[in-house]
Amino acid sequence: MSPLPDDSLEVLLRRKLLTRTREDVDAMRSALQSAEFPLVVRLAHRLAGAAGALGLEALSHAARELQRVGERGEAPLVQARLEAVVAELDRVAAPRAC
Amino acid sequence: MRILLVEDDPIQLELAQSWLAGNGHLVVGATSGNAALKALERDSFDLAIFDWMVPDVSGQELLRWVRKRQKRLPVMFATSRDDEIEIATVLNLGADDYVVKPLRRLEFLARVDALGRRAGVLGTELDDAFELGPYRVDPRQRAISLGGRMVKMTPRMADVALLLFRKRGELVSRAQLYEQVWGQREALDSRTVDTHVSRLRQALELDGRHGWRLSAVYHHGYRLETASGA
């Protein structure tokens, strides 16, 4: 087994993920306004998997929580969890963290 | 191993592909169920990894398709949740293993290799000599004898023969032969493959008279099968 992953690729994919997640957040906000929870769940599910695989544990955890409340369709909780994802996204994207 | 990896998220697909490639595997990626079905129909693989949730054709349907047509293909599922019921469902449907997402590189690679070893497509047991009727196949020596007589072959022909003998009964695509024997991932030279297979058929008399036949599968590749077709 090769000892180290391709770090440069992982850095690139993290950047891609953060850019895509900004767009996803906008889509989830719109979806939430029309109570379109399945879209929120799908995007949160995708984010949880990608962030976790890229070592962004806290972002992955926040996305899993968003997915969980999205599946229950509880709008206020979804809103709160979505903001938690955004906060984590901001933290990860801050220059010292990325 | 030659692996089909089905994952609808391009980021996760690219990451897992790079992990597997870094571990010496050849990976064909598919981002939808339909793309996966097309790849399964036209190509051959040593192992498949399916995401449980993919667009258009579900992981469950993909697994049913595989179990109907390629019973021996080892299948691993990537499930998103550590959910006992979902995991039991996946295994009861005929999956050989599962891994919980988010994927962890070392665990993922270890599970893939472990499944490859269990399925007999990866590991030291591949080096053990074996017999098939009058044929004796010795991977360590890259040698095959027929009725006790050593058959003269070029190293390339021997590599093609070893792959076909290992995967006897299964369709081996031209792409797989080209990648695994010539180490080429692009610009498949099907004429090169066909020429070597033709010489091999002649040299090893794989025309059915010794109980084994090397058949061409139109547009796909080759299959080493018993002369009865069983």
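Order of the sequence lines sets the chain letters (A, B, ...), proteins ahead of strands, with each chain counted from 1.
When all heavy atoms are compared, the tightest approach of Ala53(A) to Pro102(B) is N-CB, 3.5 Å.
Interface summary for chain B: among Arg64(A), Arg20(A), Lys16(A), the most heavy-atom pairs under 4.5 angstrom belong to Arg20(A).
The backbone N or O of Gly52(A) lies less than 3.5 Å from a partner atom in the side chain of Arg104(B), making a donor-acceptor pair. The backbone N or O of Arg46(A) sits less than 3.5 Å from a side-chain atom of Gln12(B), completing a donor-acceptor pair.
Here the CD1-OG1 distance, from Ile11(B) to Thr21(A), works out to 7.0 Å after rounding to the nearest 0.5 Å. The CG atom of Asp51(B) lies 5.5 Å from the NE2 atom of His45(A); values are rounded to the nearest 0.5 Å.
Salt bridge absent: Arg42(A) and Asp8(B) never bring a charged side-chain N and a carboxylate O closer than 4.0 Å.
Both the backbone and the side chain of Ala50(A) come within contact range of chain B, each with at least one heavy atom under 4.5 Å from a heavy atom of that chain.
Residue-environment remark: NE2 (His61(A)) stays at or below the threshold of 12 foreign heavy atoms within 6.0 Å.
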